Number of protein chains: 2
Amino acid sequence: MSLLQPGLVRPRSSGHSRLTERLMRSAAETGAGAQVSTEEARRWLTERRAAHHFQVERIPLGELRDWSFDPGSGNLGHDTGRFFTVEGVEAVVGEDSGLAWQQPIIVQPEIGILGILAKEFDGVLHLLMQAKMEPGNPNLLQLSPTVQATRSNYTRAHRGSAVRYLELFASAPRTDVLVDVLQSEHGAWFLHKANRNMLVEAPGDVAGHEDFRWLTIGQIGELLRLDNVVNMNARTILSCIETFPQDESARNSDSFVQSWFTAERCRRHLRASLVPLRGLPDWVWSPYTIERADRRYFRVVGVSVQAGSREVIGWRQPLIEPVAQGICAFLTYQFDGVPHVLASARVECGFRNTVELGPTLQCVPGNYRHLSPAERPRYLDDILGADASRILYEAVHSEEGGRFLNAQSRYMFVRADDRTAAQEPPPGFCWISIGQMAALLRHSHYVNVQARSLVACVITGAASI
Amino acid sequence: MSLLQPGLVRPRSSGHSRLTERLMRSAAETGAGAQVSTEEARRWLTERRAAHHFQVERIPLGELRDWSFDPGSGNLGHDTGRFFTVEGVEAVVGEDSGLAWQQPIIVQPEIGILGILAKEFDGVLHLLMQAKMEPGNPNLLQLSPTVQATRSNYTRAHRGSAVRYLELFASAPRTDVLVDVLQSEHGAWFLHKANRNMLVEAPGDVAGHEDFRWLTIGQIGELLRLDNVVNMNARTILSCIETFPQDESARNSDSFVQSWFTAERCRRHLRASLVPLRGLPDWVWSPYTIERADRRYFRVVGVSVQAGSREVIGWRQPLIEPVAQGICAFLTYQFDGVPHVLASARVECGFRNTVELGPTLQCVPGNYRHLSPAERPRYLDDILGADASRILYEAVHSEEGGRFLNAQSRYMFVRADDRTAAQEPPPGFCWISIGQMAALLRHSHYVNVQARSLVACVITGAASI
């Protein structure tokens with residue numbers, strides 16, 4: 001047990017602003033870093049994709065070797081009891097006679113680590129990024145964090161090779177940890193799932209590897225302007241770092257935002273309880289899918305993976321596949337020169353705390369095509385119909401490729417027109433400055449994963465709003 | 001819809017430091033306020049206790065009129081489906097083959113409002129406090145917030161009179177709201193319960209009432225030095241207000257504390273699932289109680305209440321009654337003149353997010369009397385054996401009298417000796433400054449209700465650490 005001098009008191013936010021300066025410096029560095037240019041990084045990703053043997057094939061759910069349906073509930077689980085299960089959930093949103101529905105959901109109570117290693121080269125922080133294959137990615141390989149590990153990884157349930165660099169996160173001295181916060185995952189498909197988002201400064205030399213490259217935050221920002229290059233796990237970690245000084249003013253005071261958010265959490269009532277997967281009303285079982293009779297929202301499918309570079313060399317697993325491409329967009333506005341986004345208070349059935357802040361618009365437009373404009377999600381028509389001059393950022397990104405198959409969304413920042421900005425937003429919406437968003441992201445369960453992907457684009461300089 | 005000038009940008013923390021100054025001013029005002037002296041407030045409480053007809057009688061659980069046991073599960077619920085239920089919970093703490101147990105638990109998913117109205121008299125903020133009877137309070141009447149309302153109150157499920165002043169909270173303009181945050185309740189007895197803690201500035205004149213008095217924060221601090229005077233709901237709201245400027249330095253940086261807390265949430269695994277109340281192993285049903293065969297921890301009992309001044313004039317209800325008095329204590333230390341408390345990372349089966357910060361010691365010592373010193377809760381012997389010079393604060397307070405019967409704990413601040421302060425704390429403990437604690441209390445699910453009671457003593461000046 002180490003003895004510390006009781007007289008040794010550290011400043012409250014030791015090096016916080018110094019850290020922000022270092023991160024800003026890294027975000028400003030574009031074009032090339034100490035190790036590779038951004039162009040070379042792109043070529044490296046293409047080269048790694050070609051180098052790896054990785055094949056994903058749809059298979060019948062009944063052929064998910066090592067997985068089985070529980071004879072009673074129909075829940076789908078791994079024979080070891082590890083990884084995750086696909087179960088049914090009943091969600092009741094609203095009071096008393098609220099909206100209620102049932103759907104399949106992934107249950108994975110363990111908390112994983114999503115970690116990026118940071119290190120200074122030539123006085124600039126670089127992040128160690130991985131070229132990683134995931135079976136659900138439409139293009140298989142994307143730029144990923146240094147480490148993405150489930151608890152099953154640590155305990156070697158995969159019986160595969162250890163996760164490279166994991167020990168640098170699991171046992172990092174607290175003083176090397178720059179960011180460390182639990183953040184939720186997709187509330188529509190995961191029940192209560194959260195992962196630990198970490199940025200850790202490497203204590204010394206780090207052994208290189210052909211699947212890893214050091215990039216500046218600015219370089220990652222450049223890659224974030226491209227479709228399907230930077231994976232979701234990298235985006236969520238990046239959203240939790242602060243690359244700009246706190247702005248001093250905002251459209252709404254911090255206490256106003258806090259009270260609005262508290263009121264939304266109280267007003268929106270959510271009860272989610274697990275039910276058997278078999279017998280969910282409106283869901284139909286066929287050899288290859290569990291899907292809704294009307295084919296809306298998503299389906300459960302099975303894949304067989306053959307890989308040469310992942311922890312194990314072949315496995316089968318279920319994935320969730322949305323039926324169409326989604327859209328996640330923030331309306332933005334500069335109030336007195338300070339960039340703001342119009343956040344929505346979203347209820348998703350898998351949220352642990354009922355409400356999180358989401359983008360202004362988050363939906364699969366196809367699900368609402370049959371509805372009249374008044375019944376469609378708020379701002380859908382405004383955002384889809386925005387002319388090019390209002391579109392500040394637009395790229396297609398995909399969601400977690402380890403659990404979701406071809407889950408892609410068009411991520412956008414769209415400038416609000418002056419009239420919208422002048423109006424008090426409707427219930428459930430609030431203008432929040434990027435600085436306020438960053439302050440909330442130091443804590444868990446405020447900002448959902450889709451909104452975090454968009455915040456990451458601002459943090460890294462991919463989007464200028 | 002009001003039109004706001006897009007150019008109108010407010011400072012981020014509008015009047016925050018001004019608010020802190022106003023709250024500090026109120027905390028400094030002791031002895032007497034604009035309306036009554038502290039002595040008069042004590043007499044007023046005694047007078048109100050005598051004025052109200054209020055009688056609580058234990059009755060057999062089978063005689064809880066309007067309540068019934070579900071024939072299948074044995075769960076105890078109100079016939080309207082409102083208020084709360086007593087169900088069984090199975091908790092598994094730790095991974096894989098972790099510690100597991102079953103117990104009764106109160107399930108009340110609705111979020112209530114705990115609100116205190118504030119108003120300036122002679123330039124000093126005063127808080128409108130209520131003399132309120134609750135069946136579980138050992139002395140029935142205690143000093144309570146302006147409003148404590150469940151959702152059943154708003155919707156008049158009690159079929160009684162409306163809750164006085166409730167409309168000032170439920171529909172307060174956001175600009176009058178000084179504090180507004182969801183905080184958890186007792187995780188050992190409530191499943192996932194949270195209430196909205198509000199401090200709202202009255203917009204104009206407020207009609208008086210014989211059960212209500214305006215007191216300064218300093219006066220409430222004086223009353224907090226007495227046993228069983230200030231109720232739990234008042235204490236939790238008071239813990240969320242800031243009466244001192246942020247301290248600039250602390251033993252551990254904010255990011256260190258955040259990373260420690262995140263690691264504790266990841267390391268401690270909790271799964272809680274509802275099970276039938278009937279058939280819980282180790283729990284015995286008798287006409288008057290559901291209790292453990294070994295009589296440890298707590299029991300479920302029933303009471304009949306006859307009252308003249310509550311929302312309705314007579315009702316019956318179940319309550320949870322702990323078997324003995326508890327102890328909730330913070331070890332404290334001033335590192336370089338900055339007061340710190342030694343927080344513990346506690347897992348309670350009803351916590352929504354696994355871990356919250358608790359006092360250094362929180363237990364019913366009687367439950368551990370049979371164990372050897374090494375097996376007893378950490379710091380139990382140190383705190384119970386502390387000599388008078390180390391005890392900075394000590395008073396008995398009771399927990400929520402609407403759900404718990406005679407649930408009293410000795411709340412203490414005990415100065416740590418230099419040797420303890422010089423050591424790195426054991427796993428699960430961290431030194432946190434009062435300023436850091438206050439910053440965490442702006443957010444939900446960081447600090448448990450027992451630790452909040454202790455923080456309230458510092459906020460109000462009842463305890464000087």
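These numbers were taken from a predicted model, which means no experiment stands behind them. What you see below is based on every heavy atom in this structure, not just the backbone, and it leaves out hydrogens, waters and symmetry mates. In what follows, chains are A, B, ... by sequence order, proteins preceding strands, each numbered from 1.
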From [atom1] ([X]) to [atom2] ([Y]), nearest 0.5 Å:
{"X": "B/Arg352", "Y": "A/Thr354", "atom1": "CZ", "atom2": "OG1", "result": "5.0 Å"}
{"X": "A/Arg174", "Y": "B/Gln258", "atom1": "CZ", "atom2": "CD", "result": "11.0 Å"}
{"X": "B/Ser273", "Y": "A/Leu274", "atom1": "OG", "atom2": "CG", "result": "9.5 Å"}
{"X": "B/Ile111", "Y": "A/Arg267", "atom1": "CD1", "atom2": "CZ", "result": "12.5 Å"}
{"X": "A/Met198", "Y": "B/Ser259", "atom1": "CE", "atom2": "OG", "result": "5.0 Å"}

Test salt bridge (charged side-chain N to carboxylate O under 4.0 Å, His left out) applied to A/Arg196 - qualifying residues, sequence neighbours left out: A/Asp180
A/Arg265 and B/Ser444, any side-chain heavy atoms less than 4.5 Å apart: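 With C-beta onward as the side chain, the pair touches.
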For chain A, the option from B/Val179, B/Asn353, B/Val181 that forms the most heavy-atom pairs under 4.5 Å: B/Asn353
Residues A/Leu182, B/Cys266; criterion side chain to side chain contact (heavy atoms under 4.5 Å, CB included); working and verdict: CA-CA 8 Å; A/Leu182 285 179; B/Cys266 296; 3.7 Å; yes
Heavy-atom pair of closest approach, residues B/Pro109 and A/His269: O-CE1, 4.1 Å
Identify which part of [X] has an atom lying under 4.5 Å from any heavy atom of chain A, answering side chain, backbone, both or neither.
{"X": "B/Trp260", "result": "both"}
{"X": "B/Ala194", "result": "neither"}
{"X": "B/Phe261", "result": "neither"}

Stepwise side chain to side chain contact (heavy atoms under 4.5 Å, CB included) check, B/His445 with A/His445: CA-CA 10 Å; B/His445 302 302; A/His445 302 303; over 6 Å; no
